[in-house]
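Data first, discussion second: the structure below is written as structure tokens.
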2 protein chains.
Amino acid sequence: MQTLSTEDYLKAIYHASQSASGTVATTSIANKIGAKSSSVTDMFKKLSDQKLVKYQKYQGVTLTSEGVKTALRIVRKHRLWESFLVSHLNFNWDEVHQVAEQLEHIQSEKLTNELERFLDYPTHDPHGDPIPNRALFMKSYNKILLTELPLNKEGICVGVKDNSSDFLRYLDRRQIGIGTPILVLHREDFDQSLHIQAGNSTLMITQKTAENIYIKP
Amino acid sequence: MQTLSTEDYLKAIYHASQSASGTVATTSIANKIGAKSSSVTDMFKKLSDQKLVKYQKYQGVTLTSEGVKTALRIVRKHRLWESFLVSHLNFNWDEVHQVAEQLEHIQSEKLTNELERFLDYPTHDPHGDPIPNRALFMKSYNKILLTELPLNKEGICVGVKDNSSDFLRYLDRRQIGIGTPILVLHREDFDQSLHIQAGNSTLMITQKTAENIYIKP
DNA sequence: TATTAAATTTAGATGAGTCTAAATATTTTA
DNA sequence: TAAAATATTTAGACTCATCTAAATTTAATA
């Protein structure tokens, strides 16, 4: 059985290895977890002993297939709980992360699977991230960043890259959410800001914002 | 903020002080928690420092009012989660305890209160135990043990004293559950066993069983 | 490529919660 | 009520996850 801490590390390694090149450096995990790199080194050794990561001194880690499975089981729980909080407990999408960080550690396969059934087998969480099914398989539609959406081609917002409360509330205020149809009306060459139509309203957003919105064309 | 461990101790002290005379001995907690009494002594000191219990060497502990509140907040969460597991996630009443032991430590007032609303403000958990409301108030109906129910006076099963899986499944097999109407047809003087009518069927139960069933007359 | 900078690891310490074994206090009982 | 039994506490040690500070390796750069 994993401790709470090893689970947090595995999840962090998993997420880091998604965005980067597979192998994950000590410092990057230290930053994510909020720990010193010496602590991370210790944990890398421990996870390596448990055959959850492949670790070579000074070379970072990669998850073993068992490590990936363990990480995905946590991701699955995290995203199911987030879905539950939003769909049944009146949480807003910017409020769920912290609570789901706790709930994801609850150990009960029955609980996870029944929660999934109760939610009617959701495929995506409130931020548009795919939820691994019981077999830990998830499919994500091919999505692009809003910065890449061609002019006057309608797309639908299907996710966000930045999950911070600040960003999510910013989107709320602009009435942009998962499922909102979006059209790029004009791209400003000067600063790459965009004039877009989001739902019924037109508005201007910065490049930084557009870089954090995923679109299904 | 409490650690997981202090919460477990507070809950154990709370339950022990319910059944007994208020002050709680080191050994009784050691047994409940599954720890050595030396560890319990250490924890008593810690809780005393935090003003959650009143502790005098060799004299056991009593909860302070702050300690009671903290314990009740945990009991509240525990029983709400148990209710949720049974009412929405297809758990049987004998399966919920272990999972609720984990869920009761999740820290989010909003979560607890929304869960309560979602369940429509239940007053009792699947074992018939009262659920503290938001103000930590709970009212339990005046109940007696089945051993005390007079002959031919109908009562309703409103709870169980023994929450063990074994006992609960035993009751399942005999189709006795919360809400089941019960009538004592005959009390055997020899061994205090009872012939009862439970719902539509008549059956025999031992004194030991009867001592673990709560009845509202 | 030699030197500097950055990343990583090692060594040793800390705090929380636990344990065992010994010491002390309380309770029971003869 | 004194001796024996039981309960409780103290002292010291262990594990886990963490830290700081120093040492080492790798990467960057002049």
Side-chain angles (χ1 to χ4, degrees), chain A residues 1-14 16-17 19-63 67 70-71 74 101-102 104-105 107, chain B residues 1-14 16-17 19-63 67 70-71 74 101-102 104-105 107:
Chain A
M1 195 176 70
Q2 272 34 264
T3 69
L4 189 146
S5 187
T6 59
E7 294 196 346
D8 286 338
Y9 275 88
L10 282 173
K11 197 178 53 145
I13 296 168
Y14 173 80
S17 66
S19 31
S21 60
T23 126
V24 175
T26 308
T27 316
S28 77
I29 296 303
N31 293 333
K32 269 193 208 251
I33 296 271
K36 297 291 140 131
S37 27
S38 53
S39 311
V40 176
T41 300
D42 286 348
M43 186 58 84
F44 279 4
K45 286 180 192 163
K46 187 163 315 174
L47 292 172
S48 180
D49 291 344
Q50 298 179 239
K51 307 242 185 281
L52 295 166
V53 302
K54 211 154 66 77
Y55 169 56
Q56 292 206 89
K57 266 193 194 181
Y58 296 100
Q59 302 306 131
V61 289
T62 53
L63 290 171
T70 308
I74 301 162
E101 288 282 296
Q102 300 176 64
E104 72 189 4
H105 299 294
Q107 316 253 227
Chain B
M1 196 176 70
Q2 273 34 261
T3 70
L4 188 144
S5 188
T6 59
E7 294 196 344
D8 287 337
Y9 275 88
L10 281 174
K11 197 177 53 144
I13 296 168
Y14 173 78
S17 65
S19 31
S21 60
T23 124
V24 175
T26 309
T27 316
S28 76
I29 297 303
N31 293 334
K32 269 193 210 248
I33 296 272
K36 297 291 141 134
S37 25
S38 53
S39 311
V40 176
T41 299
D42 286 349
M43 187 57 85
F44 279 4
K45 285 180 193 163
K46 188 164 313 174
L47 293 172
S48 180
D49 290 346
Q50 298 179 239
K51 306 241 186 284
L52 294 167
V53 302
K54 211 154 68 76
Y55 169 56
Q56 291 205 90
K57 266 195 194 178
Y58 296 100
Q59 303 306 133
V61 289
T62 52
L63 290 171
T70 308
I74 301 161
E101 288 283 294
Q102 299 174 63
E104 72 190 4
H105 298 293
Q107 317 254 227

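The side chain of A:Ser37 places no N or O atom within less than 4.0 Å of a non-bridging phosphate oxygen (OP1 or OP2) of C:dA7. Between D:dA7 and B:Thr26, no contact under 4.0 Å exists linking OP1 or OP2 to a side-chain N or O.
Put simply, CD1 on B:Ile29 is 17 Å from C1' on C:dG17, counting in whole angstrom units. Atom NZ in B:Lys46 sits roughly 15 Å away from atom P in D:dT9 (whole-Å rounding). Rounded to whole Å, atom P of C:dG17 lies 11 Å from atom CD of B:Glu7. For the pair B:Gln50 CD and C:dA16 P, the computed distance is 10 Å after rounding to whole Å. Whole-Å rounding puts the B:Asp49 CG to C:dG17 P distance at 12 Å. Across the protein-nucleic acid pair, A:Gln59 atom CD and D:dT24 atom C1' stand 14 Å apart, rounded to whole Å. Summarising the geometry, the separation between NZ on B:Lys45 and P on C:dA16 is reported as 14 Å, rounded to the nearest angstrom. Rounded to whole Å, atom C1' of C:dT18 lies 15 Å from atom CZ of B:Phe44.
In the set C:dC19, D:dT9, D:dC19, the nucleotide with an atom closest to the side chain of A:Ala35 is D:dC19.
A donor-acceptor contact under 3.5 Å is formed by the side chain of A:Ser38 with the base of D:dT20. For A:Thr41 against C:dT10, no side-chain N or O and base N or O form a donor-acceptor pair under 3.5 Å.
For the atom pair CD of B:Glu7 and CD1 of B:Ile74, the computed distance is 4.0 Å after rounding to the nearest 0.5 Å. In this structure, B:Ile13 CD1 and B:Ile33 CD1 are separated by 8.0 Å, a value rounded to the nearest 0.5 Å. Atom OH of A:Tyr55 sits about 6.0 Å away from atom OG1 of A:Thr26, to the nearest 0.5 Å. If you take NZ on B:Lys54 and OG1 on B:Thr23, they are separated by 9.5 Å, rounding to the nearest 0.5 Å.
Position along DNA chain D of the nearest nucleotide to B:Lys57 versus A:Tyr58 favours B:Lys57 as the more 5'-ward residue.
Atom NZ of B:Lys32 is surrounded by more than 12 heavy atoms from other residues, nucleotides or ligands within 6.0 Å.
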